[in-house]
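The next block holds one structure in the form of structure tokens; read it before the comments.
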2 protein chains.
Amino acid sequence: MNQKTSKKTSSNKSNYHHGDLRSALINEATQILKESGVEGLSLRKLADRAGVSRTAPYHHFKDKNQLLCTIAEQGFERWQSDAELIFNRDDISAQQKYRVFFHGYIQYAADNPELYDLMFGRTIWKQNSATQALKDVAFPSFQHQVDMTKSWQKQGIMPSNENTLRLSQVTWGTMHGIARLLIDGIYADRTHIDEMCDCAVNLFTRQLSISDEVD
Amino acid sequence: MNQKTSKKTSSNKSNYHHGDLRSALINEATQILKESGVEGLSLRKLADRAGVSRTAPYHHFKDKNQLLCTIAEQGFERWQSDAELIFNRDDISAQQKYRVFFHGYIQYAADNPELYDLMFGRTIWKQNSATQALKDVAFPSFQHQVDMTKSWQKQGIMPSNENTLRLSQVTWGTMHGIARLLIDGIYADRTHIDEMCDCAVNLFTRQLSISDEVD
DNA sequence: GAGTTATCTTGACAGTGTCAATATAAGCTA
DNA sequence: TAGCTTATATTGACACTGTCAAGATAACTC
């Protein structure tokens with residue numbers, strides 16, 4: 001399929017109007033992002049790929065930031081549905097669930113490095129440029145992590161003597177840190193991801209049977 | 001001091017040659033970085049601030065990346081000397097040293113957010129653009145973390161049943177993750193830094209007196 | 001069929017990194 | 001001191017970037 005001619009069924013009168021430019025832009029942008037990161041995603045290249053002029057995207061997104069936020073939104077939604085699947089499993093113990101969740105988080109980041117960078121990176125958050133729509137998806141996702149931590153503490157999987165908020169910040173921080181070191185190219189070797197995750201989970205959940213029994 | 005006139009003692013014949021442009025550029029660039037991050041650091045603005053033409057910096061740095069690597073180098077050197085001070089203390093126990101080290105790491109990141117981002121961020125590492133000089137400072141710094149972990153295990157501060165490399169990756173990952181969440185604007189509230197650090201240190205070093213005694 | 005609105009276009013501007021060609025002056029050698 | 005070499009700085013240019021303003025086109029509404 002080439003861009004200029006087959007917008008609508010090829011013999012159509014005109015393609016001055018694209019028809020479904022907004023979603024075409026999102027798809028194309030997600031693709032470019034995957035290929036070359038935020039740095040490689042320019043609106044002009046994007047417009048070109050979609051077969052429209054440079055400024056056409058501005059009729060669907062206020063600016064580049066708004067487009068990026070929209071893509072990040074989708075990233076959160078996808079991760080959240082992945083996580084749901086894990087939490088809803090009833091074939092494994094709660095402790096195993098935590099382990100799978102941890103692995104799943106890192107795997108999601110490793111599988112979608114550029115998307116993860118967009119979701120949690122400074123491009124959006126540092127300059128405080130998250131749209132309301134993005135916040136509405138992201139904040140509950142953060143909160144969910146806290147809720148789950150509380151539940152893991154209650155179930156005796158995590159130490160109950162630590163403050164829940166601090167504990168969830170630390171455990172999330174660990175996942176985030178490992179993810180970042182991986183996707184930013186500092187841990188080059190990805191074959192040890194699983195071992196790293198296991199090690200972390202061991203540290204957070206070990207020895208509970210000895211000294212941190214549920215009350 | 002203003003830029004154009006007081007390059008050399010003010011009544012000097014000419015200022016076609018700056019005299020010490022290289023270090024002037026590094027200083028000015030470090031300042032701009034601190035104020036507005038990598039995104040806000042342009043070579044043209046930098047040259048302007050230093051009172052030279054746009055392309056003058058290219059006689060001292062091959063390109064923008066090389067300048068950034070030089071600044072990152074200094075960041076590693078400064079952190080390393082900070083860390084040395086901690087490790088050389090003999091007024092506190094080894095376990096307390098680890099706690100101070102952890103807090104110190106996060107504090108360094110929080111105090112120099114943009115520098116930390118440059119040192120450990122994707123700008124340099126993701127595109128594999130670190131200069132040899134930078135690698136020569138950074139890699140030993142990473143390795144040092146592993147060596148210290150081994151020593152902490154031997155001293156019974158950290159669990160000795162975990163693989164040293166994995167353990168150091170996880171503990172470093174945790175520090176890095178907390179640092180990143182802070183400097184990228186995701187943990188807005190910095191008043192809880194100390195509590196977070198304490199929580200993490202507790203998790204990594206707790207209960208050793210019970211079940212993980214040194215052999 | 002006329003008018004409104006959504007969509008898309010070209011033109012323009014200021015900003016970026018970086019190359020090539022040129023100018024200046026400092027340093028070295030004879 | 002004169003002349004040559006080399007380090008340093010300059011202007012001009014190019015290809016990019018995000019984004020605004022003004023105008024063209026076509027779809028939707030009455």
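Here is the naming used below: chain letters follow the sequence lines, and residue numbers restart at 1 for every chain. The figures here come from the full heavy-atom set of this structure, side chains too, leaving out hydrogens, waters and symmetry mates.
Salt bridge present: B:E35 and B:R49 bring a charged side-chain N and a carboxylate O closer than 4.0 Å. Note on B:R180 versus B:D117: salt bridge recorded, some NZ/NE/NH1/NH2 to OD/OE distance being below 4.0 Å. Salt-bridge formation is not detected for the pair B:E84/B:R89: no Lys NZ or Arg NE/NH1/NH2 atom is positioned less than 4.0 Å from an Asp or Glu carboxylate oxygen. Checked for salt-bridge contact, A:K135 and A:E73 miss the test: no charged N lies under 4.0 Å from a carboxylate O. For B:K45 and B:E28, the salt-bridge test fails: no basic side-chain N is under 4.0 Å from an acidic carboxylate O.
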Identify each atom pair where a protein N or O and an N or O of nucleotides 12-15 of chain C are less than 3.5 Å apart, giving names and distance.
| residue | atom | partner | partner atom | Å |
| --- | --- | --- | --- | --- |
| C:dA12 | N6 | A:R54 | NH1 | 3.2 |

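Aromatic ring centres of B:F101 and B:W152 lie closer together than 6.0 Å.
In this model, the phosphate group of D:dT6 is not approached by any side-chain N or O of B:H59 to a distance below 4.0 Å at OP1 or OP2.
Residue A:N128 holds its CG atom at 12.5 Å from CZ of A:R122, rounded to the nearest 0.5 Å.
D:dG18 atom P lies 17 Å from atom NE2 of A:H60, rounded to whole Å.
The neighbour count for A:K150 NZ, taken as heavy atoms of other residues, nucleotides or ligands under 6.0 Å away, does not exceed 12.
Comparing the start and finish of the helix from C:dG1-D:dC30 to C:dA30-D:dT1, five pairs each, the helix axis swings through 0°, to the nearest 10 degrees.
You'll find that the side chain of A:L43 is closest to D:dG18, out of D:dG18, C:dT18, C:dT9.
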